[in-house]
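Each residue takes its place number in the sequence, starting with 1. Because the structure is predicted, anything quoted here is derived from the model rather than measured.
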Amino acid sequence: MFKDANPMLLVLIICPLLSLAFGAAGAWLRHRMRYGLCISFLLPLLFIAVNLPTLAGNIDSWLMYGLFYVSISYFAYKITSRIDIRLKQPK
């Protein structure tokens with residue numbers, strides 16, 4: 001599907017949207033923030049960890065993008081955790 005796409009599409013568009021979704025899912029799954037943050041931190045490995053020398057050469061970019069995605073996921077968690085998703089029962 002993304003074979004001919006620009007690699008920056010994955011880095012700048014798709015992975016931040018995924019981290020938003022993981023942060024929101026962490027808020028809806030009984031306020032489990034750490035699950036969404038851990039998955040968001042590992043998202044850059046999808047396109048960096050092609051082989052071991054590539055991973056060793058790009059460990060700094062993994063940390064940089066991973067922390068960026070964690071911050072996006074954290075803000076999505078904070079925003080969606082304030083929303084009351086329970087159904088209100090009339091009294």
Side-chain angles (χ1 to χ4, degrees):
M1 180 175 178
F2 296 108
K3 188 172 104 176
D4 296 331
N6 189 353
M8 296 307 281
L9 174 75
L10 181 69
V11 173
L12 297 175
I13 304 285
I14 295 174
C15 283
L17 289 176
L18 284 173
S19 65
L20 276 172
F22 290 138
W28 289 325
L29 294 174
R30 299 183 185 156
H31 298 285
R32 304 278 191 223
M33 178 176 61
R34 64 181 170 266
Y35 297 140
L37 295 181
C38 290
I39 293 172
S40 294
F41 186 69
L42 296 175
L43 272 177
L45 288 179
L46 291 174
F47 53 90
I48 290 176
V50 176
N51 53 21
L52 194 56
T54 305
L55 179 63
N58 292 324
I59 198 80
D60 56 343
S61 63
W62 172 48
L63 291 174
M64 182 182 67
Y65 283 120
L67 292 176
F68 174 66
Y69 297 151
V70 163
S71 65
I72 290 174
S73 182
Y74 178 74
F75 289 128
Y77 170 80
K78 283 298 187 182
I79 289 171
T80 56
S81 66
R82 295 179 184 164
I83 299 171
D84 189 18
I85 59 172
R86 292 175 289 181
L87 294 175
K88 302 284 185 184
Q89 297 293 328
K91 292 184 179 182

> Can you tell me how far the CD1 atom of Ile14 sits from the OG atom of Ser19, to the nearest 0.5 Å?
Replying inline: 12.0 Å

>> Please identify which of these residues, Tyr69, Tyr74, Tyr77, meets the side chain to side chain contact (heavy atoms under 4.5 Å, CB included) condition with Leu37.
In response: Tyr74

>> Using 0.5 Å steps for rounding, measure from the CD1 atom of Ile72 to the CG atom of Leu67.
In response: 11.5 Å

> Hey, are the side chains of Phe22 and Leu43 touching, using non-hydrogen atoms and a 4.5 Å cut-off?
Replying inline: yes

>> Count I, L, V, M, F, W, Y as connected when their side-chain heavy atoms are under 4.5 Å apart, and connections chain through other members. Are Phe68 and Leu17 then in the same cluster?
In response: yes

> Does some side-chain heavy atom of Phe41 sit less than 4.5 Å from a side-chain heavy atom of Trp62?
Replying inline: yes

> Applying the 4.5 Å side-chain criterion to the ILVMFWY set and letting contacts propagate, would Ile79 and Ile39 be lumped into a single cluster?
Replying inline: no

>> If we ignore hydrogens and angles and just use 3.5 Å, is the side chain of Asn51 paired with the main-chain N or O of Thr54 as donor and acceptor?
In response: yes

> Are Tyr35 and Leu20 connected in the hydrophobic side-chain network, where two residues link if heavy atoms are under 4.5 Å apart?
Replying inline: no

> What heavy-atom pair brings Thr80 and Ala24 nearest, and what distance separates the two atoms?
Replying inline: OG1-CA, 3.6 Å

>> Nearest 0.5 Å, please: how far is OH in Tyr65 from CG in Asn58?
In response: 10.0 Å

> Minimum heavy-atom separation for Pro44 to Gly66, with atom names?
Replying inline: CG-N, 3.5 Å

